[in-house]
Novice: 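For reference, the structure I am asking about is given below.
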2 protein chains.
Amino acid sequence: MQDTPTQVLNRLKRDLPAGSTHAQPGAGLLFLREEELRVAQDMMFFAMRDITAAPLAILSEFGLGRAHHRTLHWIGRKPGLTVGELLAFLGITKQSLTRVLGPLIRDGYVAQTAGAQDRRQRLLTLTEKGQALERRLFDCQRDRFLAAYREAGGPAVEGFRRVLRGLTLKQGRDYIDSLDAHRSRGAR
Amino acid sequence: MQDTPTQVLNRLKRDLPAGSTHAQPGAGLLFLREEELRVAQDMMFFAMRDITAAPLAILSEFGLGRAHHRTLHWIGRKPGLTVGELLAFLGITKQSLTRVLGPLIRDGYVAQTAGAQDRRQRLLTLTEKGQALERRLFDCQRDRFLAAYREAGGPAVEGFRRVLRGLTLKQGRDYIDSLDAHRSRGAR
DNA sequence: CTATTATGACAGTATAGCTTACTTATCTAC
DNA sequence: GTAGATAAGTAAGCTATACTGTCATAATAG
């Protein structure tokens, strides 16, 4: 099989990051900028892959998976949230959630109570057992985040947050901003 | 069904972020730190969810999914990489990759050529068609990252990168550092 | 009373991962 | 040159996590 010119060129570029392959003088700035953005994607991929690995291993001991982790996380973050709110956070369908929430309720990690004003709603909370599991999962990640934060330093952390906020759409931003507002009012 | 005290307490905390619920004077610092780390997880989740949404929509037009996106991304990033290297980046098994790579090769997005020194290896490259698709996917995300970077500013971007690097394990760090080394040697 | 809403349930499909095991081609070392 | 190691491909079968569509129930809102 004869190689196409593209394939030959690509072979030569092997192990060289894309930003270093340009030779034209004028293309430099544009090229670097694109490379920079590609690196950002690389890093997001790596960080996400490595952050979720440890909790996943724990969850598999209990016959649970990633979906259950996300669910436990959000119920822990906003105790008493409704099924509808949880769906909005997770960005999945009700039918998908049912099969994740079902086992969590059946095995006693999550409890449901009817809403006070609107009794159609099912307010979700973690049971003692659920809190214990969620804490165990969080502790894995806390160590990793704490190390990364300490290593990077305070201003870097602030930058990290600013960029992440910029990457998220309105719904998530509103949530983030509501946390910030609370903190600047409450703490200090 | 009678509510447990925990459920009642949780209901009251509804919509209040965890950091604002502490009343004891001494617990403040520790509590804020934990809240801060939980917010980081929230934000990583949101950013990842929102970043991947647009490319996914495009891919589904072609009968492809997330896994194909990641595969195209890495082949594009390191043209001529071997199957083994790709597996290491993706962190999945060979058998899982086969079912992702198969359609990409069959439909003419990815080409294979035997390795020059080691002819057992199959070096992977994007075809013209594959490059076009990858670029289309990247362009979605470029806009988002560019906006986030511009909004956050240069120092924030640097901090973003430092924290992300801290969150990743050795393999990913080595890769990231190799890019940085290249850039600081090559550019400027 | 009727329409809407919140939730739950059933059935089927697709994607993306996994394990285990076998084959083929090629390289390396003796 | 043969033997064993290695890179890749292949096959059968399993699991988890999403999706779609449809229907049921109960409570709220008008």
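Just so it is clear: chains get the letters A, B, ... in the order the sequence lines come, proteins before strands, and each one is counted from 1. Values in this document were obtained by computation on a predicted structure and should not be read as measured data. Values below: all heavy atoms of this structure, side chains included; hydrogens, waters and symmetry mates excluded.
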Novice: Can you check whether B:R77 reaches B:F89 side chain to side chain, under 4.5 Å on heavy atoms?
Specialist: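 In short, these two side chains do not touch, never coming nearer than 4.5 Å.
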Novice: Quick one: A:R99 CZ to D:dA18 P, roughly how many Å, whole number?
Specialist: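 So the CZ-P distance, A:R99 to D:dA18, works out to 9 Å.
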Novice: So does A:H68 get a side-chain nitrogen or oxygen closer than 4.0 Å to the phosphate oxygens (OP1/OP2) of D:dA16?
Specialist: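 False: A:H68 side-chain N/O out of range (4.0 Å or more) of D:dA16 OP1/OP2.
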Novice: Who passes ring pair (Phe, Tyr, Trp, His ring centres under 6.0 Å) against A:F45, sequence neighbours left out?
Specialist: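 With neighbours one apart ignored, the set is B:W74.
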Novice: Looking at B:T127 and B:G130, would you say the former's side chain and the latter's main chain have a donor-acceptor pair under 3.5 Å?
Specialist: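 Pair found, side chain donor or acceptor close to backbone of B:G130.
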Novice: Could you check which residues of residues 55-66 of chain A get a heavy atom under 4.0 Å from DNA chain D? Sort them by number, please.
Specialist: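 Contacting residues: A:G65, A:R66.
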Novice: In whole angstrom, give the distance that lies between atom CG of B:L124 and atom P of D:dA8.
Specialist: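 Taking CG of B:L124 and P of D:dA8, I get 8 Å after rounding.
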Novice: 5'-most contact on DNA chain D: B:G84 or A:T93, nearest heavy atom basis?
Specialist: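 Of the two residues, B:G84 wins.
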Novice: I'd like to know if the side chain of A:K78 reaches the main chain of A:E85, judged simply by a donor and an acceptor atom lying under 3.5 Å from each other, with no hydrogens or angles considered.
Specialist: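 Not confirmed, A:K78 side chain does not pair with A:E85 backbone.
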Novice: Students should find this one: the first and last nucleotides of DNA chain C, 5' to 3', lying under 4.0 Å from a heavy atom of chain B. What are they?
Specialist: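 So the outermost contacting nucleotides come out as C:dA16 to C:dC27.
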Novice: Are there over 12 heavy-atom neighbours, none belonging to B:R142, within less than 6.0 Å of that residue's CZ?
Specialist: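 Counting other residues, nucleotides and ligands, CZ of B:R142 exceeds 12 neighbours.
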Novice: Has A:R135 got more than 12 heavy atoms of other residues, nucleotides or ligands less than 6.0 Å from its CZ?
Specialist: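 Counting other residues, nucleotides and ligands, CZ of A:R135 exceeds 12 neighbours.
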Novice: Please report how far the helix from C:dC1-D:dG30 to C:dC30-D:dG1 bends, comparing the axis fitted to its first five pairs with the axis fitted to its last five, to the nearest 10 degrees.
Specialist: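 Comparing the first five pairs with the last five, the axes sit 30° apart.
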Novice: Rounded off to whole Å, could you give me the CD-to-P distance for the A:Q95 and D:dA18 pair?
Specialist: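 Computing the A:Q95:CD to D:dA18:P distance gives 13 Å.
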Novice: Heavy atoms under 4.0 Å is the rule here; annotate nucleotides 24-30 of chain D 5' to 3' with B where the base is hit, S where only the sugar-phosphate is, and - elsewhere.
Specialist: ---BS--
Novice: If only atom types and distance count, is the side chain of A:Q171 paired as donor or acceptor with the main-chain N or O of A:A88 below 3.5 Å?
Specialist: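 Yes, because the side chain of A:Q171 sits within donor-acceptor range (under 3.5 Å) of the backbone of A:A88.
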Novice: Tell me the interatomic distance from B:L87, atom CG, to D:dT6, atom P, rounded to whole angstroms.
Specialist: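 Result: 16 Å.
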Novice: Name all residues meeting the side-chain contact (heavy atoms from CB on, under 4.5 Å) criterion together with B:D143; count only those two or more places apart in sequence or in a different chain, and write none if there are none.
Specialist: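 So B:D143 forms no side-chain contact (heavy atoms from CB on, under 4.5 Å) with any residue.
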Novice: Kindly say whether A:L90 contributes a backbone atom to a donor-acceptor pair with the side chain of A:R70 at under 3.5 angstrom?
Specialist: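 Such a contact is absent between A:R70 side chain and A:L90 backbone.
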Novice: Give a yes or no on whether the backbone of A:D107 and the side-chain of A:K129 come within a donor-acceptor separation of less than 3.5 Å.
Specialist: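 It does hold such a pair.
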Novice: Quick check on D:dA18: is either OP1 or OP2 less than 4.0 Å from any side-chain nitrogen or oxygen of A:R70?
Specialist: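 For A:R70, the contact criterion (side-chain N or O under 4.0 Å from OP1 or OP2 of D:dA18) is met.
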Novice: Name the residue from B:I75, B:L126, B:T71 that meets the side-chain contact (heavy atoms from CB on, under 4.5 Å) definition with B:E134.
Specialist: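 It is B:L126; the other options fail the test.
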Novice: Under 3.5 Å, is there a donor-acceptor pair linking the side chains of B:R136 and B:Q131?
Specialist: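 B:Q131 and B:R136 do not have a side-chain donor-acceptor pair below 3.5 Å.
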Novice: For the CZ atom of A:R120 and the CD atom of A:Q117, what is their distance to the nearest 0.5 Å?
Specialist: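 A:R120 atom CZ to A:Q117 atom CD measures 11.5 Å (nearest 0.5 Å).
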Novice: Side-chain N or O of A:S96 versus OP1/OP2 of D:dC19: is the shortest distance under 4.0 Å?
Specialist: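 Looking at the OP1 and OP2 atoms of D:dC19, one of them is under 4.0 Å from a side-chain N or O of A:S96.
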Novice: Specify the separation, in whole Å, of atom CG of A:L97 and atom P of D:dT20.
Specialist: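 Atom-to-atom, A:L97 to D:dT20, this comes out as 14 Å.
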Novice: Measure CZ/B:R49 against P/D:dA18 and give the value in whole Å, please.
Specialist: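 It works out to 13 Å between those atoms.
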Novice: Looking only at side chains, do B:R38 and A:Q141 share a donor and an acceptor under 3.5 Å apart?
Specialist: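 Not at all, the side chains of B:R38 and A:Q141 share no donor-acceptor pair under 3.5 Å.
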